[in-house]
Structures are given as structure tokens and as C-alpha cells.
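First the structure, in the form of C-alpha cells, and then the observations on it.
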Protein chains: 2
Amino acid sequence: MKRKAIGEQLLQKDIRPSFPRLRVMEYLFKNRNHPTVDEIYRELVQEMPTLSKTTVYNTLALFEEAGLVRRVASSENEARYDAFIEDHGHFRCESCGVLYDFTIRLEKAEEEGLDNFEIRKRDILYQGLCPRCRNSGIKKLIIDKGGYR
Amino acid sequence: MKRKAIGEQLLQKDIRPSFPRLRVMEYLFKNRNHPTVDEIYRELVQEMPTLSKTTVYNTLALFEEAGLVRRVASSENEARYDAFIEDHGHFRCESCGVLYDFTIRLEKAEEEGLDNFEIRKRDILYQGLCPRCRNSGIKKLIIDKGGYR
DNA sequence: ATTCATTTTTGTAACCGTTACACTAATGTA
DNA sequence: TACATTAGTGTAACGGTTACAAAAATGAAT
């Protein structure tokens, strides 16, 4: 998404497209790996030396309020953000911590007990081992048992 | 679940059933409302005046490690715990903050992109408005528009 | 352009949930 | 009873987040 298009998207939500805001949104579009506030800040401060981390917090809160961005549910204590609003699942590897996206169609999942609830968003978080860590885990087991060397 | 049964459950996992541990687990069984560490502590310290909050943290970490308890995914920064391990969904009301349980059958939800991943747990978190807050919200709107009074 | 009001950004300090750590208490074993 | 091990305690520190006041940038009106 081009910078100009991002600016227009912000204007539609009555958000003035200041440079920090444009860059935060652009960063989220380019880095789909659910960055933390600190990751966003450390990257952007390189080109905006006076950038304050508070600005990143404010901006993300503003975007989330406007529905442009989602804070993804995670079992960690640190917030992660995602510019992709459509419902999809996240898989967190318990070994390496990486957050993966996956596709999940919830229409067919039967829900009970939500009559009269107004559902605004759905977060799906799976946890376990990603393929890489799973393999290295197996190797490690073999080594520990004397299988290698 | 009786205290004795809880003790046996702990022993099965090689966890010595000390009094603080028994009481933390018992609290979780009796209070199915996904309490925070602070809520557990404030309740139990009344009967165990020397209880330390660190003990509550340690105990919950131990239980989670043993698979007896789950930390539920939430969009807040504060951890919440649940003694019910079977997969079920949580609904968080964005207005009052209450966390509700609901039933969801994920077997029928189609997943793509998780080949070779080892899934150990699934967290489902919906957010929106609970029936009560939804109603009071509607009333508020009517009042604001001059519908009442 | 200049002034003024409003919005945005900044930097610091405080907040709060959590963790590290060293010490004490309790428990199990010989 | 003595000793080793495990559990619990209290304090301090840590780290992500938020509050807040001051400074900078922007927009509107004259």
C-alpha cells in the first residue's frame, strides 16, 4: 500500500496523516510479523531521531480505536499489533516465540452460549511447536540419549 | 472438588500438596471467573496472613507447567487463570471487562497452514458487548437523543 | 503574513504486574 | 537429632505502559 493511499485511509477516519502516523501505518503494512511497540519504535527512530515511544503508543491506540489495526491476543505480556483486520488465526511457537498466521474458517465452528452477545472481534491463538522447533527438539532428544556422537 | 481429591491430583503430578497450593487450586475450582493473581492473593491472604504474592505466582507457574491450569489469552496486560483445561471459548466484554465462557466446537472449523505444527493448546477469545452492557448502551443512546424524559 | 486556538509530539516520571534473589521456614530422611 | 532438600517469604528491581505537562506543529481567522 502506497503512502498516499495510507494517508487517504487515515483521513477517512478523521485522523490527520502526520508523518509519524504515516510511517507507523506503513511499517505495519510492510511488516506483517505482528511487531511489538518496541520493534516499531526502534526501526522508525532511525529515520525520525526525535520520535518518542509515547507517540508510537498514542498512534497505535488511535489506530486501534478507529478499527484500522488490531492488537493481537497473546499469552505474553507485551502487546503486538497487526494491520490485517480480517479474522485469521495466530500460532505462537512456545519454543522460539515466533507468531505465525494461519487461515481458519469459524463459520462452521458451532458456538453455544453467546445469544444476545454482540461479537466485534474474534481472536484465535494456538500454541505449540512450529515445524522447525519440533524438528530441532527431536534432534535434541536423540543427542541427549546418545543417538548422535 | 474436595480438598483431598485436589491433594491427590497434585501428588499425581509430583507436586507436594502444601496448604498454599491446596488453597490456590481450590480457589480456582470454586471461582470459575478467570481470576487475576491479585484477586487470588487478596482472597487467600485473609486466611493466610503471611501469604506472599510471590507464592501465588510460583504456584500458578508450577500448576501451569504441570498442565493443571491454563493462563487464558486476553487482550489485557494482567494474567488470568482458569482451572478448566478442556478447550472452550472466552468472551470479553469491552465495556465491563467481564470474561465469559462459551462452548465452541473447533473440530469443524477448517484450518489451513498448520501442516507439521504441533498444536498443544487453542485459545479462543471473542470481544464485544455482553447482553447487559449492550442493553444499557441502547438505553443510554435513547436518553442522549431525548427519547426518555 | 500574523495571531490565536487546537492538535500533535515529546520527555519525564510514575504506575503496576511480574520476576529475581537471598533469606527463612517447613518438610523428609537417615 | 542432624542434615539435606523443598517451599514460602519479603524486598528490590525490571519492563511495558500510561499520565502529564511542556514544546512544537498545524489550521483558521483576521
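Quick note on labels: first sequence line is chain A, next is B, and so on, each numbered from 1. Keep in mind it's a predicted model, so treat the numbers as computed, not measured.
If you take CG of Asn77(A) and C1' of dG15(D), they are 9 Å apart, rounded to a whole angstrom. Distance Met48(A) CE to dA24(D) P: 18 Å, rounded to the nearest Å. For Glu78(A) and dT18(C), the CD to C1' distance is 13 Å, given to the nearest whole Å. A straight line from CG of Leu62(A) to C1' of dT9(C) spans 13 Å, rounded to a whole angstrom. Distance Glu76(A) CD to dT18(C) P: 14 Å, rounded to the nearest Å.
Interface residues of residues 49-57 of chain A facing DNA chain D, ordered by number: Thr54(A), Tyr57(A); criterion, heavy-atom separation under 4.0 Å. Of all the residues in residues 14-44 of chain B, Arg16(B), Val37(B) reach under 4.0 Å from DNA chain C with at least one non-hydrogen atom.
Between Arg80(A) and Glu78(A) there is no salt bridge, since none of the side-chain N atoms of the basic residue sits less than 4.0 Å from a carboxylate O of the acidic one. Taking the charged nitrogens against the carboxylate oxygens, Arg70(B) and Asp87(B) do have a contact shorter than 4.0 Å, which makes a salt bridge.
Under the side-chain hydrogen bond (donor to acceptor under 3.5 Å, both in side chains) criterion, Glu112(B) pairs with no residue at all, not counting sequence neighbours.
The number of heavy atoms from other shown groups lying within 6.0 Å of CD (Glu65(B)) does not exceed 12.
Side-chain contact check for Asp101(B) and His34(B): at least one donor-acceptor pair (N or O, by modelled atom type) lies under 3.5 Å.
Nearest-nucleotide positions on DNA chain C place Arg80(B) closer to the 5' end than the other of Asn58(B) and Arg80(B).
Taking CD1 of Ile104(A) as the start and CZ of Arg122(A) as the end, the distance is 11.0 Å to the nearest 0.5 Å.
Aromatic pair Tyr126(B)/Phe102(B): centroids less than 6.0 angstrom apart. Ring pair Phe63(B)/Tyr81(B): centre-to-centre distance not below 6.0 Å.
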